Asker: 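This is the structure, below, for whatever I ask next.
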Amino acid sequence: MTSDAENTSQQRTVRIQKLEALRESGLNPYPYKYDVSHRADDFFAGFDELESGKQVISAAGRLMTKRVMGKASFCHIQDDTGKIQLYMKKDVLGDDMYALFKQLDVGDIIGCTGTAFRTKKGEMSIWVESFELLAKSLRPLPEKWHGLKDVEVRYRQRYLDLISNREVKDVFLARTKIVQTIRSFLDSEGFIEVETPILQPLYGGGSAEPFTTHHNRLGMQLFLRIADELYLKRLIIGGFEKVYEVCKDFRNEGLDRQHNPEFTMVELYQAFVDYNDIMELMQKLFTHVASVVPGSTTIKYQGHEIDLGGEWLRISMLDAIKKYADIDISALDENDLVRECKAKGIEIEESRGRAKIIDDIFTEKVQPNLIQPTFITDHPLEMSPLAKIHRDDPNLTERFELFVCGMEMANAFSELNDPLDQRRRFEMQRELSKRGDAEAHVLDEDFLRALEYGMPPTGGLGFGVDRMVMLLTDQANIRDVILFPQLKPE
RNA sequence: GGGGGUGUAGCUCAGUGGUAGAGCAUCUGCCUUUUAAGCAGAGGGCCGAAGGUUCGAGCCCUUCCACCCUCACCA
């Protein structure tokens with residue numbers, strides 16, 4: 001992308017000349033404040049009273065359109081809540097101020113005072129008595145009718161996207177509302193919101209490659225967290241019984257429409273409950289959030305109609321793989337699985353361990369079928385180094401993942417609280433690491449020490465906020481729910 | 001990394017080998033309830049970059065860059 005001064009030179013030069021002319025005439029093109037009595041939504045909501053009372057009001061915003069018709073003009077200003085039409089009349093404003101108006105450019109920020117009135121066509125407008133330039137704009141805005149379409153510019157210069165495309169702003173307002181709703185739900189359930197380190201001497205709690213960084217004074221390598229799990233469990237050990245964190249996590253992975261290297265999760269941990277309780281909590285939370293945004297438990301996502309309000313499907317990982325891939329993995333070791341996948345034409349990467357192969361089968365054969373909300377439960381032991389062994393089957397764990405529209409939305413366990421078993425699991429991961437698995441969990445002695453003091457039975461959950469927002473706002477790409485998504489450098 | 005696509009004026013887009021186009025935006029003039037305001041005129045381009053083919057390249061070829069889609073990778 002080319003973008004700079006030389007490109008916009010003509011229009012920019014004209015605007016800088018206007019700016020200098022304003023300064024010479026004694027006007028500050030960048031004054032300090034403006035008293036706003038009404039924003040657009042207040043104005044429209046109270047219009048009838050404002051009009052009949054002839055009350056003088058003030059409004060401010062960015063000039064978005066401008067129609068000069070000789071001695072009278074119309075324009076629209078846009079504020080945080082909407083657009084208001086202004087009527088500027090030469091014999092009301094006086095010659096000087098009207099001349100100033102004609103010098104304004106679309107994109108300038110102005111404030112005005114005046115009274116409410118309706119035009120002949122019925123548009124609620126302000127009959128402007130005076131206005132003031134609040135900030136001069138030096139670059140032309142995107143085209144008023146088509147808006148800004150160039151995706152790269154939309155992400156790189158998100159402010160232009162937000163100015164030009166109202167529906168984009170609505171998605172981010174919805175995101176804020178969703179996060180608020182999650183918080184208020186968890187608060188009302190008695191959870192305590194906490195903050196744990198982003199810079200960690202060891203990374204843990206997930207299978208992912210981390211970003212590394214360095215602390216100069218301590219002379220040590222640090223990692224940006226890939227998950228919060230191990231710190232939140234330390235808090236459970238410390239006596240907090242219900243904690244959660246809205247956490248930015250970082251994973252050094254490829255980018256696609258469901259992955260951004262920094263993303264937001266909510267993780268929560270509750271003492272004295274198991275994964276069945278957490279499953280109920282997840283469902284309750286999700287349906288509650290949907291009932292606020294978009295406002296219904298029946299939602300549409302990319303052409304699918306999703307019913308969050310009904311019964312959610314539950315199927316064990318083994319049964320799901322039997323059903324969709326026709327493989328009974330419980331009886332098969334790593335070599336058998338490799339053979340079976342080859343026979344069935346399932347693409348897998350060999351010599352990465354049994355867990356990865358099962359995950360490959362699941363991702364390829366099962367996941368795309370999980371459209372309605374589905375809990376996949378009871379994952380094999382090797383896949384789940386932080387989950388407690390299943391009470392009925394020592395080869396499985398008490399774990400679930402939630403899928404909607406083929407997207408993984410959440411991951412939860414009855415948390416492993418047997419410190420000696422946890423040590424063995426870390427050691428299994430170390431073997432995977434030796435075999436070249438860059439995402440294997442690393443052994444965390446400090447965490448093991450904490451576990452050895454005793455952690456109560458605990459249910460834990462992590463879910464992706466970005467993906468939840470995607471689902472609830474019907475966005476296909478994670479970049480459309482992250483204000484400033486990661487891009488290659490310009 | 002593989003496959004497909006896109007890149008032309010500030011923005012949205014036309015332009016399949018023969019002088020670089022439109023609408024909006026900008027500048028000048030007219031216009032006192034317009035609303036994608038209108039009318040008349042003007043300026044604005046290294047056609048993503050570099051090579052090549054050709055008498056002649058925005059267009060054809062090669063390489064590169066950026067972005068999008070898709071596959072792979074990635075809980």
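Note that the structure is a prediction, hence the values are computed from the model and not measured. All values below come from the heavy atoms of this structure, side chains included, with hydrogens, waters and symmetry mates left out.
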Asker: Base, sugar-phosphate, or nothing for Val68(A), non-hydrogen atoms under 4.0 angstrom?
Answerer: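 If one applies the 4.0 Å heavy-atom cut-off, Val68(A) turns out to touch a base.
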Asker: Would you kindly check whether a donor in the side chain of His146(A) faces an acceptor in the base of C11(B), or vice versa, at under 3.5 angstrom?
Answerer: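 No pair found.
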Asker: Heavy atoms under 4.0 Å, any strand shown: does Gln85(A) hit a base, just sugar-phosphate, or nothing?
Answerer: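 Counting heavy atoms under 4.0 Å across all strands, the contact made by Gln85(A) includes a base.
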Asker: When the P atoms of C74(B) and A57(B) are compared, how many Å lie between them, rounded to an integer?
Answerer: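 Between the two P atoms, the distance is 48 Å.
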Asker: Could you give the CE-to-C1' distance, from Met88(A) to C31(B), as a whole number of Å?
Answerer: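 Checked: the CE to C1' distance equals 18 Å.
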Asker: Can you tell me the distance, in whole Å, between the CZ atom of Arg257(A) and the C1' atom of C69(B)?
Answerer: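 So the CZ-C1' distance, Arg257(A) to C69(B), works out to 9 Å.
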Asker: Determine which nucleotide pairs with G7(B), using a 3.5 Å limit on both distances of a Watson-Crick or G-U wobble pair.
Answerer: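 Result: C65(B).
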Asker: With no angle test and no hydrogens, is the base of C73(B) tied to the side chain of Asp256(A) by a donor-acceptor pair under 3.5 Å?
Answerer: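 A donor-acceptor contact between them is present.
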Asker: Please state how far atom CD1 in Ile84(A) lies from atom P in U35(B), giving the value in whole angstrom units.
Answerer: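 Value for this atom pair: 20 Å.
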Asker: Rounding to an integer number of Å, can you tell me how far Arg67(A) CZ sits from G38(B) P?
Answerer: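 Between P of G38(B) and CZ of Arg67(A): 10 Å.
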Asker: Under 4.0 angstrom, heavy atoms only, what part of the nucleic acid is Lys120(A) near: base, sugar-phosphate, or nothing?
Answerer: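 Since a base atom lies under 4.0 Å of Lys120(A), the category is base.
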Asker: Name the pairing partner of G38(B), where a pair is Watson-Crick or G-U wobble with both distances under 3.5 Å, or state none.
Answerer: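 Base partner found: C30(B).
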Asker: Would you measure the distance from the P atom in C59(B) across to the matching atom in G52(B) and give it in whole Å?
Answerer: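 My reading of the P atoms in C59(B) and G52(B) gives 14 Å.
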Asker: Of all the nucleotides listed (U35(B), U33(B), A25(B)), which has the minimum atom distance to the side chain of Met69(A)?
Answerer: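 Nearest listed nucleotide: U33(B).
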Asker: Would you mind reading off the distance between Arg12(A) atom CZ and G10(B) atom P, rounded to a whole angstrom?
Answerer: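 Interatomic distance, CZ of Arg12(A) to P of G10(B): 13 Å.
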Asker: G43(B) and G23(B): how far apart are their P atoms, nearest whole angstrom?
Answerer: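 It works out to 14 Å between them.
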Asker: Does any nucleotide pair with G1(B) by Watson-Crick or G-U wobble geometry, both distances under 3.5 Å, and what is it?
Answerer: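 Its partner is C71(B) (Watson-Crick or G-U wobble, both distances under 3.5 Å).
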Asker: Count the heavy atoms belonging to other residues, nucleotides or ligands that lie under 6.0 Å from CG of Asp96(A), then report whether that count exceeds 12.
Answerer: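 Atom CG in Asp96(A) is not packed in, count stays at 12 or less.
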Asker: C67(B) phosphate, OP1 or OP2: any side-chain N/O from Arg156(A) under 4.0 angstrom?
Answerer: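 Affirmative; the distance criterion is met.
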Asker: Can you identify which nucleotide, out of G23(B), C27(B), U34(B), has its nearest atom closest to the Glu143(A) side chain?
Answerer: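 Closest nucleotide among those given: G23(B).
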Asker: Counting side-chain heavy atoms from CB outward, which of U32(B), U12(B), C74(B) is closest to Glu253(A)?
Answerer: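 Among the listed nucleotides, the one closest to the side chain of Glu253(A) is C74(B).
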Asker: With the side chain of His76(A) defined as its heavy atoms from C-beta on, choose the nearest nucleotide among U35(B), G43(B), U32(B).
Answerer: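 Given the options U35(B), G43(B), U32(B), the side chain of His76(A) is closest to U35(B).
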Asker: Under 4.0 Å, heavy atoms only, any strand: does Arg399(A) hit a base, just the sugar-phosphate, or nothing?
Answerer: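 Base, at least one base atom sits under 4.0 Å.
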Asker: Expressed as a whole number of angstroms, how long is the span from Asn252(A):CG to C73(B):P?
Answerer: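 Between P of C73(B) and CG of Asn252(A): 18 Å.
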Asker: If you take atom types as modelled and just measure distance, does the side chain of Asp91(A) reach the base of U32(B) with a donor-acceptor pair under 3.5 Å?
Answerer: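 Pair found.
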Asker: Figure out the CD1/P separation between Ile16(A) and G10(B), and round it to whole Å.
Answerer: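 It is 16 Å, rounded to the nearest whole Å.
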Asker: With a 3.5 Å cut-off and just heavy-atom distances, do the side chain of Glu123(A) and the base of U33(B) make a donor-acceptor pair?
Answerer: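 No, no donor-acceptor pair under 3.5 Å.
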Asker: Work out how far the C1' atom of C13(B) is from that of G17(B), and round it to whole angstrom.
Answerer: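 About 23 Å, rounded to a whole number of Å.
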Asker: Between Phe426(A) and Phe447(A), what is the ring plane arrangement, given parallel below 30°, perpendicular above 60°, and tilted in between?
Answerer: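 The arrangement is perpendicular - the two ring planes meet at more than 60°.
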Asker: Test for a donor-acceptor pair under 3.5 Å between the base of U32(B) and the side chain of Lys89(A), counting only N and O atoms.
Answerer: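 Side chain to base: pair found, below 3.5 Å.
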Asker: Starting at atom CZ of Phe211(A), determine the distance to atom C1' of C74(B), rounded to an integer number of angstrom.
Answerer: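 Atom-to-atom, Phe211(A) to C74(B), this comes out as 12 Å.
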Asker: Can you tell me if Asp437(A) uses its side chain to pair, donor with acceptor, with the backbone of Leu432(A) under 3.5 Å?
Answerer: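 Judged by distance alone, no pair lies under 3.5 Å.
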Asker: Looking at Thr119(A) and U35(B), is any side-chain donor or acceptor paired with a base atom of the opposite kind under 3.5 Å?
Answerer: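 Donor-acceptor pair under 3.5 Å: yes.
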Asker: Using the P atom as the point on both nucleotides, what is the distance between U62(B) and U6(B), in whole Å?
Answerer: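 Per the computed distance, 15 Å lies between those P atoms.
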Asker: Look at the side chain of Leu148(A) and decide which nucleotide, out of U35(B), U32(B), C11(B), has an atom nearest to it.
Answerer: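 The nucleotide sitting nearest to the side chain is C11(B).
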Asker: Any idea how Phe250(A) and Phe211(A) line up, ring-wise: parallel (<30°), tilted (30 to 60°), or perpendicular (>60°)?
Answerer: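 Taking Phe211(A) first and then Phe250(A), their aromatic rings stand perpendicular (interplane angle over 60°).
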Asker: State whether Lys18(A) places a side-chain N or O below 4.0 Å from either non-bridging phosphate oxygen (OP1 or OP2) of C27(B).
Answerer: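 Looking at the OP1 and OP2 atoms of C27(B), one of them is under 4.0 Å from a side-chain N or O of Lys18(A).
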Asker: Does the side-chain hydrogen bond (donor to acceptor under 3.5 Å, both in side chains) test come out yes or no for Thr196(A) and Glu245(A), once each step is laid out?
Answerer: CA-CA 8 Å; Thr196(A) 66; Glu245(A) 181 165 12; 2.6 Å; yes
Asker: Base, sugar-phosphate, or nothing for Asn477(A), non-hydrogen atoms under 4.0 angstrom?
Answerer: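 It contacts sugar-phosphate atoms only.
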Asker: Does G58(B) pair with anything, Watson-Crick or G-U wobble, both distances under 3.5 Å, and if so, with which nucleotide?
Answerer: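 None - no nucleotide pairs with G58(B), as no candidate has both distances under 3.5 Å.
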Asker: A quick test of your reading: do over 12 heavy atoms of other residues, nucleotides or ligands sit less than 6.0 Å from NZ of Lys322(A)?
Answerer: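 Count over threshold, so yes.
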Asker: Describe the nucleic acid contact of Gly206(A) in one word from base, sugar-phosphate, nothing, applying a heavy-atom distance below 4.0 Å.
Answerer: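 Touches nothing.
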Asker: Regarding Phe117(A), tell me which of base, sugar-phosphate or nothing describes its non-hydrogen contacts under 4.0 Å with the strands shown.
Answerer: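 Since a base atom lies under 4.0 Å of Phe117(A), the category is base.
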Asker: Which nucleotide wins on minimum distance to the side chain of Lys149(A), given the candidates U35(B), G10(B), C13(B)?
Answerer: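 Output: C13(B).
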Asker: According to the interplanar angle, ranging from 0 to 90°, do the rings of Phe117(A) and Tyr87(A) count as parallel (below 30°), tilted (30 to 60°) or perpendicular (above 60°)?
Answerer: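 It falls in the tilted class, 30° to 60°.
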Asker: Taking the same atom, P, in C65(B) and in A22(B), what whole-Å distance lies between them?
Answerer: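 My reading of the P atoms in C65(B) and A22(B) gives 35 Å.
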Asker: Which listed nucleotide (C11(B), U34(B), C27(B)) is nearest to the side chain of Pro142(A)?
Answerer: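 Of C11(B), U34(B), C27(B), C11(B) is nearest to the side chain of Pro142(A).
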Asker: If you compare every side-chain N and O of Arg139(A) against the phosphate oxygens of A25(B) (OP1, OP2), does one of them come in below 4.0 Å?
Answerer: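 Negative; the distance criterion is not met.
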Asker: Is it the case that more than 12 heavy atoms not belonging to Glu167(A) sit under 6.0 Å from its CD atom?
Answerer: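 Buried by this count: over 12 neighbours within 6.0 Å.
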Asker: I'd like to know if Glu152(A) reaches the base of A66(B) with its side chain, counting only an N/O donor and acceptor under 3.5 Å.
Answerer: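 By the distance-only test, no, there is no pair.
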Asker: Between U70(B) and G44(B), how far apart are the two P atoms, rounded to whole Å?
Answerer: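 These two P atoms come out 42 Å apart once rounded.
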Asker: Distance between the P atoms of U26(B) and C11(B), in whole angstroms?
Answerer: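 It comes out at 15 Å once rounded to the nearest Å.
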Asker: Tell me if a side-chain donor or acceptor on Gln157(A) pairs with a main-chain N or O of Leu160(A) at a distance below 3.5 Å.
Answerer: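 No: the side chain of Gln157(A) does not pair with the backbone of Leu160(A).
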Asker: Please work out if Arg15(A) contacts a base, only the sugar-phosphate, or nothing of the nucleic acid, heavy-atom cut-off 4.0 Å.
Answerer: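 Here Arg15(A) touches no strand at all.
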